[in-house]
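Each chain gets a letter, A, B and so on, in the order its sequence line appears, and its residues count up from 1.
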Amino acid sequence: MKVRSIRGFKDILPDSIKRWHYIEDSAGNIFELYGFSEIRIPVVEFTDIFARSIGTSTDIVEKEMYSFTDRDGSSITLRPEGTAGVVRAYIENSLYAKSTISKLYYMGMMFRHERPQKGRYRGFYQIGAELFGTKDPYADSEIILMLWRFLEKIEVTSLIRLELSSLGDENCRPSYKQKLVKYLRPLKNELCENCQRRLEVNPLRILDCKEKKCKEISKDAPSMLDNLCDNCNKHLDHVKDSLENFSIKYILNPRIVRGLDYYTRTVFEIKTDELGAQNAVAAGGRYDGLVEELGGPPTPAVGFSIGMERLVLLHEKIVPVGFQKGVDAFIAFIGKDTKKTAFQFAYDFRKQGISVEMEYENKSLKTQLKKADKLGAKYAIIVGEEELARGKVKVRNMGSSSEEEINIDKVKQLSIKLSN
RNA sequence: GUGGGUGUAGCUCAGCCAGGUUAGAGCACUGGGUUGUGGCCCCAGAGGUCGCCGGUUCAAGUCCGGUCACCCACCCCA
C-alpha cells in the first residue's frame, strides 16, 4: 500500500514556499502599518462556536465541517474559517477591556470537507484581519483600503475587482426579507429544488443561485440596496465616498450574499476571472452582532479573509518566476585532506550569515562546479590540495569566470565581500 | 452527492483507435569527452509491477468489466 496524503490536502513544496513567504510577509508588514497585530488561535474549537457564529443553515455547518467527538464526549471541530475563533479569543481574553479598539490578523489552515477542484481544497490557508470596537464607516473603509493596499503591493490588482454591497441591519433586513419572501412565494414552484428550501431557511441565498430559472426570477426581485434604512444607507455612502476618494474602483453588487450568516451592513468580495469556478479571492464585511451572540459585550466589528491558494495562483500569473532560492557561495574541495578544511569554511561562512553549499561525497571538480552553477552560487571557493599546501584557496566568480587566490586567513574578509 | 476527463520513467507526455519481438522521447539525474574548472555541445548509463483487480485472446500498455486515485465542472465558497 502506497503512502499518500488525504484527499484535498496538499503539500507546499520548497519550490513554491518562497512565494508563500513573500505573500505572507507582505500581508503582515502592511497590516502592521495599519495597527494590526498577529494573533494565533487553535485549529480546533468546540463545534458550538462555529455553529452559532457561521449559522446552522449554511453549507459550511450543514455538511462541510470536520467534527469529532473528543475523548470526554464533547464535540469539537477543525476550524472551517478564522473569524469565529478570533471572536472567541477576543471574548475569552477580555480584549475589549484592554482597549476600545482591537485590530487582529491571523494566518493559518482551515478545513472544509468539500469536493476538491481548482482553487478549492479541504485543507486551505487563509489570511484574515478583524477590527473590533467601532461602528464607524471609516473602519470599513480602512479594512478595505488595507486589503487593497496589500493586493497592490503584491501586484495582482490587474486581475481582480472589488464588489461591494450592504446587507442592512436589524432594522431593515427583517422587513426586506419579508418583502423578498412575499415576492418569491408565489413563484416558489418555478424555483430550483434547493431554492424552494432556501425560501424557508435563508431566502437571501436565492439571489445568489446560479440556476437559470432562479436567476430569471430573482432578476426583478426587490433589492436590499433599495430597502436599506437611513442609517444603513448613510453608512454605505460613507464607505463608497471613501473608496472613491482613494480612487479604488468598486462594483455595487446587491447580490453579494455571504456564506456566513453573521454579516451585517457592509459586505465585499475580491473576485477574479482567472481561476475558473472559484472566483472569490477574498471576502469580508461587518458583523456587528457576532461578539454579543457568542457571549461577549455588544461589540461592532469588521473584517475579511483571503484565500491563500487562490492568491498564490494569481501571483504566479503576474510573477511566473524569480522566487527560486539562491546560494551565496559553493565550496568545492579537491585532492587529499581538503574536505575537512572545506567543511570548516562552510561552517565559518554560515556562522557569518553567508549561505553556502558543498558536496558531501568526493566528486570531481567539474561536478562540483556544475552543482555550484545549478544552485546559482555567485562564487565558488575552491579548496585545492595544491593551493592549500601554500596556505591559499581559489575564489572563482561564477558570473565572470575570473579567479583569484587568497590566503586562508583572509577568509573572514572574504565573507564581507560575498555578502554584497 | 452528481457529471465529464485523465492515470505509461522523478517531471511533461507519445504509444492505445486498427492487440504482435527487449515500452519510447524531452527535461531532470549519474558518469565520461577535459588525470583540477560550471553554463553550450557530444557520448554513455541508470531509472518502468504501463494505477490496481479480473476477463477476452496463442498474445493485452493497447480490447472489455470492475475498482481506486487525481483533475475539471455542478454545488458551495476563501
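- Taking 3.5 Å as the limit, the base of B:U37 and the side chain of A:Q368 contain no donor-acceptor pair of atoms between them.
- For the pair A:L388 CG and B:G36 P, the computed distance is 16 Å after rounding to whole Å.
- Between A:Y90 and A:F132, the angle of the ring planes stays under 30°, which puts this pair in the parallel group of the 30/60° scheme.
- Comment: A:K10 does not engage A:E309 in a salt bridge, judged by the lack of any side-chain N to carboxylate O separation of less than 4.0 angstrom.
- The aromatic rings of A:F31 and A:F304 stand perpendicular to each other, their planes meeting at an angle above 60°, with 30° marking the opposite boundary.
- Base-pair partner of B:C77: not found among the strands shown (Watson-Crick or G-U wobble, both distances under 3.5 Å).
- Pairing partner, B:G39: none, since no Watson-Crick or wobble contact has both distances short of 3.5 Å.
- At a cut-off of 3.5 angstrom, the base of B:U37 holds no donor-acceptor pair with the side chain of A:K370.
- Residues forming a salt bridge (charged side-chain N to carboxylate O under 4.0 Å, His left out) with A:D48 (at least two apart in sequence, or on another chain): A:R52.
- With 3.5 Å as the limit, one finds no donor-acceptor pair spanning the side chains of A:R310 and A:T272.
- Remark: B:C58 base-pairs with B:G20; criterion is Watson-Crick or G-U wobble with both hydrogen-bond distances under 3.5 Å.
- For B:G48, there is no paired base (Watson-Crick or G-U wobble, both distances below 3.5 Å).
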Donor-acceptor list for residues 391-398 of chain A side chains, cut-off 3.5 Å, not counting sequence neighbours:
| from | atom 1 | to | atom 2 | distance (Å) |
| --- | --- | --- | --- | --- |
| A:K392 | NZ | A:N407 | OD1 | 3.1 |
| A:R396 | NH1 | A:E403 | OE2 | 2.8 |
| A:N397 | OD1 | A:G399 | N | 2.8 |
| A:N397 | OD1 | A:S400 | N | 3.1 |

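- The stretch residues 358-367 of chain A touches RNA chain B through A:K363, A:L365, A:K366, A:T367, each having a heavy atom under 4.0 angstrom from the strand.
- The neighbour count for A:K179 NZ, taken as heavy atoms of other residues, nucleotides or ligands under 6.0 Å away, does not exceed 12.
- The partner of B:U12 is B:A25, judged by Watson-Crick or G-U wobble contacts that both fall below 3.5 Å.
- Heavy-atom distances under 4.0 Å link RNA chain B to A:E114, A:R115, A:Q117, A:K118, A:G119, A:R120, A:Y121, A:F124, A:Q126 of residues 113-128 of chain A, given in residue order.
- When the nearest nucleotides of RNA chain B are assigned to A:K371 and A:R310 by heavy-atom distance, the more 5′-ward of the two goes with A:K371.
- For RNA chain B, the neighbouring residues in residues 264-287 of chain A, judged by any heavy atom under 4.0 Å, are A:G276, A:A277, A:Q278, A:N279, A:A280, A:V281, A:A282, A:A283.
- Remark on RNA chain B: of its neighbouring residues A:E64 and A:S402, the 5'-side contact belongs to A:S402, judged by nearest-heavy-atom nucleotide.
- Summarising the base pairing, B:U6 is matched to B:A69 through a Watson-Crick or G-U wobble pair whose two defining distances lie under 3.5 Å.
- Shown here are the salt bridge (charged side-chain N to carboxylate O under 4.0 Å, His left out) partners of A:E45, two or more places apart in sequence or in another chain: A:R88.
- Between A:R286 and A:T134, the closest heavy-atom pair is NH1-O, 3.0 Å.
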